[in-house]
Amino acid sequence: AITINLVIGANAVPTSFMPLEFTYCFDSVTSTTPGFGVFDPSIFTTIKTDVVASSSSYNSPNVEIRFYENEQDAIYQINEIDTALPYTNSDIDDQEIWVGIEDVGVSTIECLGRFKVADLLVRPKPVFDLPPTFVFCQNLGSDTISVTSPSDTYDYAWERNGSPIPLQSTQDLIITEGGTYTVTATNPVTGCTTTKTVIVDPSEIASFDSDDVTIYDLTGDGSNRIEI
């Protein structure tokens with residue numbers, strides 16, 4: 001007969017380990033499932049690497065690390081997360097990730113710990129308006145293109161024709177020439193970004209002289225037509 005001993009160890013969180021945080025940014029304008037995101041399976045590899053590095057007890061070929069959505073599942077070892085597949089959070093907006101760690105030796109299974117290892121956050125991308133096109137009257141010397149109706153406080157970065165514009169970090173940009181202008185708004189709290197583009201077409205003031213003007217007296221009573 002084969003005897004397997006089950007050893008319940010202390011459920012201590014390694015002092016060097018801090019839960020990781022991952023953010024999924026969704027488009028609140030077009031999303032049909034706001035508050036839910038699809039996380040790449042690579043997050044579990046990242047978490048596992050940090051967990052193993054936090055304690056020498058976990059760095060063994062006999063140690064198995066399994067992932068769960070909450071503490072209860074981790075304790076009872078049910079509803080294990082399939083880390084080979086993209087993961088969609090079950091709890092809206094914020095999802096905890098827990099691990100169960102066991103040393104599965106030949107004759108002994110030792111529970112090494114159950115603790116939270118990550119927070120998955122699902123947050124909206126910045127929302128704002130920017131006209132797709134803008135006419136720049138060159139005779140004015142300069143003009144301003146602006147982000148309007150931002151739904152929150154954002155940091156802004158502008159580019160012209162793919163090149164960053166230095167020292168321009170507000171929602172208003174003074175322009176002196178045409179081109180393709182791009183603005184990226186970043187939520188400083190979540191790190192989520194939205195990028196939009198406006199095409200600026202330069203327009204010169206119309207110029208003409210007397211040779212360009214023809215006056216037609218249509219009625220003889222002063223009702224005339226002028227063509228340029």
Taking the side chain as every heavy atom from C-beta outward, state whether [X] and [Y] have any pair of such atoms under 4.5 Å apart.
{"X": "Pro19", "Y": "Val117", "answer": "no"}
{"X": "Phe26", "Y": "Ser31", "answer": "yes"}
{"X": "Ile145", "Y": "Phe136", "answer": "no"}
{"X": "Leu20", "Y": "Phe22", "answer": "yes"}
{"X": "Asn187", "Y": "Asp152", "answer": "yes"}
{"X": "Val183", "Y": "Leu130", "answer": "yes"}
{"X": "Tyr58", "Y": "Val51", "answer": "yes"}
{"X": "Phe115", "Y": "Glu71", "answer": "no"}

So which heavy atom on [X] is nearest to which on [Y], and how close?
{"X": "Arg114", "Y": "Trp98", "value": "O-CZ3, 4.0 Å"}
{"X": "Pro41", "Y": "Pro86", "value": "CG-N, 3.5 Å"}
{"X": "Ile47", "Y": "Ala118", "value": "CD1-CB, 3.7 Å"}
{"X": "Ser16", "Y": "Ser54", "value": "OG-O, 3.1 Å"}
{"X": "Thr193", "Y": "Pro126", "value": "C-CD, 3.5 Å"}

Fill in: Side-chain ion pair, Arg123 and Asp94, N-O less than 4.0 Å
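Salt bridge: yes.
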Is there a path of hydrophobic side-chain contacts, each under 4.5 Å between heavy atoms of I/L/V/M/F/W/Y residues, joining Leu121 to Tyr154?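 No.
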**OP:** Answer with yes or no whether the hydrophobic clustering places Tyr68 together with Ile78; edges join I, L, V, M, F, W, Y residues whose side-chain heavy atoms lie under 4.5 Å apart.
**Re:**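 Different hydrophobic clusters.
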field: Val63/Leu112 under side chain to side chain contact (heavy atoms under 4.5 Å, CB included): CA gap, chis, key distance, verdict
entry: CA-CA 9 Å; Val63 170; Leu112 299 180; 4.0 Å; yes
Inset, instruction - Go through the steps for Ser142 and Thr176 under the test side-chain hydrogen bond (donor to acceptor under 3.5 Å, both in side chains), then give the verdict. - result: CA-CA 5 Å; Ser142 64; Thr176 58; over 6 Å; no
ask   = In terms of the angle between their ring planes, are Phe44 and Phe67 parallel, tilted or perpendicular, with boundaries placed at 30° and 60°?
value =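 The rings of Phe44 and Phe67 stand perpendicular, inter-plane angle above 60°.
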- Would you call the rings of Phe39 and Tyr24 parallel, tilted or perpendicular if under 30° counts as parallel and over 60° as perpendicular? tilted
Is there a donor-acceptor pair under 3.5 Å between the side chain of [X] and the backbone N or O of [Y]?
{"X": "Ser146", "Y": "Thr148", "result": "no"}
{"X": "Thr190", "Y": "Cys192", "result": "yes"}
{"X": "Asp155", "Y": "Pro188", "result": "no"}

(message) Go through it in stages, so that I can follow the logic: the residues are Gln95 and Ser90, the test is side chain to side chain contact (heavy atoms under 4.5 Å, CB included), and I'd like the CA-CA distance, side-chain angles, deciding distance and then a yes or no.
(response) CA-CA 7 Å; Gln95 177 72 58; Ser90 297; 3.8 Å; yes
- Task: Give me the one residue out of Ser28, Pro150, Ser149 that meets side chain to side chain contact (heavy atoms under 4.5 Å, CB included) with Val127.
- Result: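 Of the listed options, the one satisfying the test is Ser28.
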* Give me the one residue out of Val200, Val198, Ile199 that meets side chain to side chain contact (heavy atoms under 4.5 Å, CB included) with Thr180. =>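 When Val200, Val198, Ile199 are each tested with Thr180, the side chain to side chain contact (heavy atoms under 4.5 Å, CB included) holds only for Ile199.
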What distance do [X] atom [atom1] and [Y] atom [atom2] have between them, rounded to the nearest 0.5 Å?
{"X": "Thr30", "Y": "Lys125", "atom1": "OG1", "atom2": "NZ", "value": "8.0 Å"}
{"X": "Glu159", "Y": "Ile165", "atom1": "CD", "atom2": "CD1", "value": "8.0 Å"}
{"X": "Ser203", "Y": "Asn139", "atom1": "OG", "atom2": "CG", "value": "8.0 Å"}
{"X": "Ser163", "Y": "Trp158", "atom1": "OG", "atom2": "CH2", "value": "15.5 Å"}
{"X": "Tyr87", "Y": "Asp40", "atom1": "OH", "atom2": "CG", "value": "14.5 Å"}
{"X": "Lys196", "Y": "Thr182", "atom1": "NZ", "atom2": "OG1", "value": "12.5 Å"}

**Request:** Apply side chain to side chain contact (heavy atoms under 4.5 Å, CB included) to Phe134 and Asp201, showing your working.
**Result:** CA-CA 6 Å; Phe134 185 87; Asp201 294 318; over 6 Å; no
Any chance you could lay out the side-chain hydrogen bond (donor to acceptor under 3.5 Å, both in side chains) test for Glu177 and Gln138, step after step, and finish with the verdict?
-> CA-CA 7 Å; Glu177 56 187 336; Gln138 291 180 303; over 6 Å; no
Q.
For the CG atom on Leu85, are there more than 12 heavy atoms of other groups (residues, nucleotides or ligands in this structure) within a distance under 6.0 Å?
A.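 Counting neighbours around CG of Leu85, more than 12 heavy atoms of other residues, nucleotides or ligands fall under 6.0 Å, so yes.
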Should Ile65 and Val52 be marked as a side chain to side chain contact (heavy atoms under 4.5 Å, CB included) after you check the CA-CA gap, both sets of side-chain angles, and the distance that decides it?
CA-CA 9 Å; Ile65 300 176; Val52 170; 3.8 Å; yes
